[in-house]
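Take a look at the structure set out below.
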Amino acid sequence: MKINKICCIGAGYVGGPTMAVIAQKCPDIKVTVVDVNATRIAAWNDTDLNKLPVFEPGLDQVVEEARGRNLFFSTDVEKAIDEADMIFISVNTPTKTYGKGKGMAADLKYIELCARQIAEVSTTNKIVVEKSTLPVRTASAIKNILDHTGNGVEFQILSNPEFLAEGTAVEDLLAPDRVLIGGDTSEKGQQAIQALVDVYANWVPEERILTTNVWSSELSKLTANAFLAQRVSSINSMSAICEKTGADVNEVAKAIGMDSRIGAKFLKSSVGFGGSCFQKDILNLVYIAKTYGLNEVADYWEQVIVMNDYQKNRFSDNIVSTLYNTVSGKKIAFLGWAFKKDTNDTRESAAIQVADNLLNEQAQIEVYDPKVTEERIYADLDYLNTRSEEENRTLLKVKSNPYDACKDAHAIAVLTEWDEFKTYDWQRIYDNMLKPAFVFDGRGILDTKALKKIGFVCYSIGKG
Ligand code: UDX
Ligand code: UDX
Ligand code: ADP
């Protein structure tokens, strides 16, 4: 079965970059990305490539090459579904904020809406690919809806989880460690798997394309993220011990990372992990474990989240105690708001929790982030509902220049590891701050030796 037309529902951080790369690498396949959000689609179609809704290094060139050729962004969801042979579902699956499983289970309402829409519109057989992070057994729910509400056409459901990391999405898509495709073990299921394998084989070596049954594929996504997040929480737990004992967490990470059984990646101690996947996926895993009565398994994984919350709170507590137990009325400059560098995404960013804690202590915060907008920052804070929207805007200001943000500050907190922070004129920053001038480096990226020489009082995660 040869795929000629692909439709992707959801033009977000996953759908946008993934489809752009598929279109670039498969010029003979027409790829249409649809979204209900018309503003988002307009931004994807903007001739000014700086206005793409997702910032990812290298993405603008990929879009420029393929857009209008075989890559299209549209709000006409029904038309794109109807004409496609293969439909990717790439809509968001946030954690439920209501009802059963609140704060833990994935909210599948957007997925269900998509399935119903596909069933309603389709007049020819389709392969439906779940791309969003989904809890195990979602494919069967989608299949159920499609089979019982459709027009009698046949649907094959595949699971093809996304392993791209934000900030390196294009790189990860072009040269993935592996592509995982899960499908039905029946003959038709195997044919559907092969059709998707053939799409990826246009640029991914076949030995890196792994096929499994649907459940293994869905669970592998949660497992990969849980293991990665666990590594960060593990090294962060050690950062607390390092600070008490005089060990240096970077030295520890290097020493253990050279053990080939452990490996060097994901051992960078930080103010805490963020992003749309780690917390959500672990909570899903915890919820699934609880559902099956596996309470020890649930507790084991939940501790990864507990440790992450501890790390964020520990960082803000340390700022308060170091500034003589009060930050009331004191200006604290935040460098970075995104959950990591090279992305404008802020979902679950540690900066949000740290800011909220400090605002509770009546601090005045001024934020500078190279890529995150003011609207986004206020939306993140307002979403917590800790205080009124007016108070958030009075207590926290957003600056478009780092030197303004740091001017007259008592302290600077580094929340994201943007490379540009390392190259600032730190003498100039120091001269314009109140003394003693404190720096709290939540990412361990600054040259603290040089900063101390200038006169800063420095705290860096995991250094005793
Ligand atoms: C360990 C460390 O590996 C070694 O570096 C240190 O110097 C001493 O402690 P050891 O206890 O001899 O060595 O064995 P190891 O191979 O680490 O296995 C420990 C246990 O884990 C064994 O019971 C092993 O069966 C189990 N294991 C190991 C697993 O169950 N699964 C694995 O994937 C690996
Ligand atoms: C993650 C997975 O890596 C990716 O495979 C999956 O598809 C989606 O979730 P992403 O959320 O984009 O990707 O970012 P990632 O690079 O994994 O970082 C997640 C968080 O952990 C960030 O806040 C990052 O700053 C933090 N982190 C990562 C650390 O604090 N230390 C590290 O060593 C690595
Ligand atoms: P992710 O990181 O998973 O890509 P995003 O929130 O960035 O998440 O993107 C998901 C996109 O899916 C959003 O732009 C949202 O508007 C879109 N979306 C959600 N439900 C539907 C739907 N039923 N039809 C079309 N688009 C949808």
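All ligand and atom numbering here is 1-based and tracks the order in the structure. In this text the structure is predicted, and so the values were computed from the model without any measurement.
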request  = May I ask you to check whether Arg314 and Ser239 show a side-chain donor-acceptor distance below 3.5 Å?
outcome  = yes

ask   = Rounded to the nearest 0.5 Å, how far apart are NZ of Lys312 and CD of Gln353?
value = 5.5 Å

key: N or O pair under 3.5 Å between Phe278 and ligand 2   = no

request  = Give yes if a backbone or side-chain nitrogen or oxygen of Val34 is under 3.5 Å from a nitrogen or oxygen of ligand 3, and no if not.
outcome  = no

ask   = Just by modelled atom types, is the Pro176 backbone N or O under 3.5 Å from a matching donor or acceptor in the Asp172 side chain?
value = no

request  = Hey, can you tell me if Phe440 and Tyr459 have their rings parallel, tilted or perpendicular (30° and 60° cut-offs)?
outcome  = tilted

ask   = Nearest heavy-atom pair of Thr416 and Ile445: which atoms, and what distance?
value = O-CD1, 4.3 Å

task = Just let me know how Gln311 lines up against ligand 2, side chain, backbone, both or neither, with a heavy-atom cut-off below 4.0 Å.
result = neither

task = Examine distances only and state if a side-chain atom of Glu243 and a backbone atom of Gly462 form a donor-acceptor pair shorter than 3.5 Å.
result = yes

query = Any idea which atoms of ligand 2 are less than 4.0 Å away from a heavy-atom of Lys221?
reply = 6 (C), 7 (O)

task = Test the Arg178-Phe163 pair against the cation-pi criterion, namely NZ or CZ under 6.0 angstrom from the six-membered ring centroid and within 45° of the ring axis.
result = yes

task = Please work out whether any backbone atom (N, CA, C, O) or any side-chain heavy atom from C-beta onward of Leu228 is under 4.0 Å from ligand 2, and answer side chain, backbone, both or neither.
result = side chain

inquiry  = If you measure every N or O of Phe273 against every N or O of ligand 2, does any of those distances drop under 3.5 Å?
reply    = no

message = Below the 3.5 angstrom mark, is there an N/O of Gly275, backbone or side chain, next to an N/O of ligand 2?
response = no

key: Which residue and heavy atom of the protein sit nearest atom 3 (O) of ligand 3, plus the separation   = Val14 CG2, 3.9 Å

request  = Please write down residue, atom name and distance for the protein heavy atom closest to atom 3 (O) of ligand 1.
outcome  = Arg261 NH1, 2.6 Å

message = Please list, in number order, the atoms of ligand 2 under 4.0 Å from a heavy atom of Leu267.
response = 33 (O)

query = So, for Val249 and Ile461, which heavy atoms are closest and what is the spacing to 0.1 Å?
reply = CG1-O, 3.7 Å

note = Value for CD1 (Ile157) from CD1 (Ile87), rounded to nearest 0.5 Å, stands at 9.5 Å

query = If you count the atoms of ligand 2 from 1 in the order shown, which ones are under 4.0 Å from a heavy atom of Ser270?
reply = 29 (C), 30 (O)

query = Are a donor atom and an acceptor atom from the side chains of Glu56 and Tyr13 found within less than 3.5 Å of each other?
reply = no

Closest approach of Asn236 to Ser269 (non-hydrogen atoms, all atoms of both residues) = OD1-OG, 3.0 Å

Main-chain N/O of Ile262 paired with Arg231 side-chain donor or acceptor, under 3.5 Å = yes

ask   = Does an N or O anywhere in Tyr110 fall below 3.5 Å from an N or O of ligand 3?
value = no

ask   = Going by atom types alone, do Lys102 and Thr95 pair a side-chain donor with an acceptor below 3.5 Å?
value = no

Any donor-acceptor N/O pair, Thr423 side chain to Glu420 backbone, under 3.5 Å = yes

inquiry  = Within the structure, is a non-hydrogen atom of Arg231 found at a distance of less than 4.0 Å from ligand 2?
reply    = no

request  = Scan the protein's non-hydrogen atoms and note whether one is under 4.0 Å from atom 5 (O) of ligand 1.
outcome  = yes

ask   = Any N or O on Val232 sitting closer than 3.5 Å to an N or O of ligand 2?
value = no

key: Glu166 neighbourhood, listing ligand 2 atoms whose heavy-atom distance to it stays under 4.0 Å   = 10 (P), 12 (O)

message = Show me which atoms of ligand 2 lie under 4.0 Å from any heavy atom of Gly274.
response = 19 (C), 20 (C), 22 (C), 23 (O)

ask   = Which residue supplies the protein heavy atom nearest to atom 7 (O) of ligand 3, what is that atom called, and how far is it?
value = Tyr13 N, 3.1 Å

ask   = Based purely on interatomic distance, does Ser276 place a nitrogen or oxygen under 3.5 Å from a nitrogen or oxygen of ligand 3?
value = no

inquiry  = Nearest non-hydrogen contact with atom 13 (O) of ligand 2 belongs to which option: Ala165, Gly272, Ala351?
reply    = Ala165

ask   = Any non-hydrogen atom of Arg347 lying under 4.0 Å from ligand 3?
value = yes

inquiry  = Can a donor-acceptor pair be found, under 3.5 Å and without considering hydrogens, that links the side chain of Asn308 to the backbone of Val304?
reply    = no

request  = May I ask you to check whether Glu162 has an N/O atom sitting below 3.5 Å from an N/O atom of ligand 2?
outcome  = yes

key: Contacting atoms of ligand 2, where contact means under 4.0 angstrom from a heavy atom of Cys277   = 8 (C), 9 (O)

ask   = Does the gap between the ring centers of Phe421 and Trp426 come in under 6.0 Å?
value = no

inquiry  = Could you check whether any side-chain N or O of Ser217 sits under 3.5 Å from a backbone N or O of Ser159, counting only pairs where one atom can act as donor and the other as acceptor?
reply    = yes

request  = Record the part of Asn225 in heavy-atom contact with ligand 2 below 4.0 Å; permitted values are side chain, backbone, both and neither.
outcome  = side chain

ask   = So which of Thr93, Val54, Val91, Val33 gets nearest to atom 20 (N) of ligand 3, if we judge by its closest heavy atom?
value = Val91

Check: Glu417 N/O within less than 3.5 Å of ligand 2 N/O = no

message = For the 3.5 Å polar cut-off, considering only N or O atoms, please tell me whether Lys268 and ligand 2 meet it.
response = yes

ask   = What is the nearest protein non-hydrogen atom to atom 18 (O) of ligand 2, stated with its residue, atom name and distance?
value = Lys340 CD, 3.9 Å

inquiry  = Among all the protein's non-hydrogen atoms, which is closest to atom 28 (C) of ligand 2, and how far away is it?
reply    = Phe266 CE2, 3.5 Å

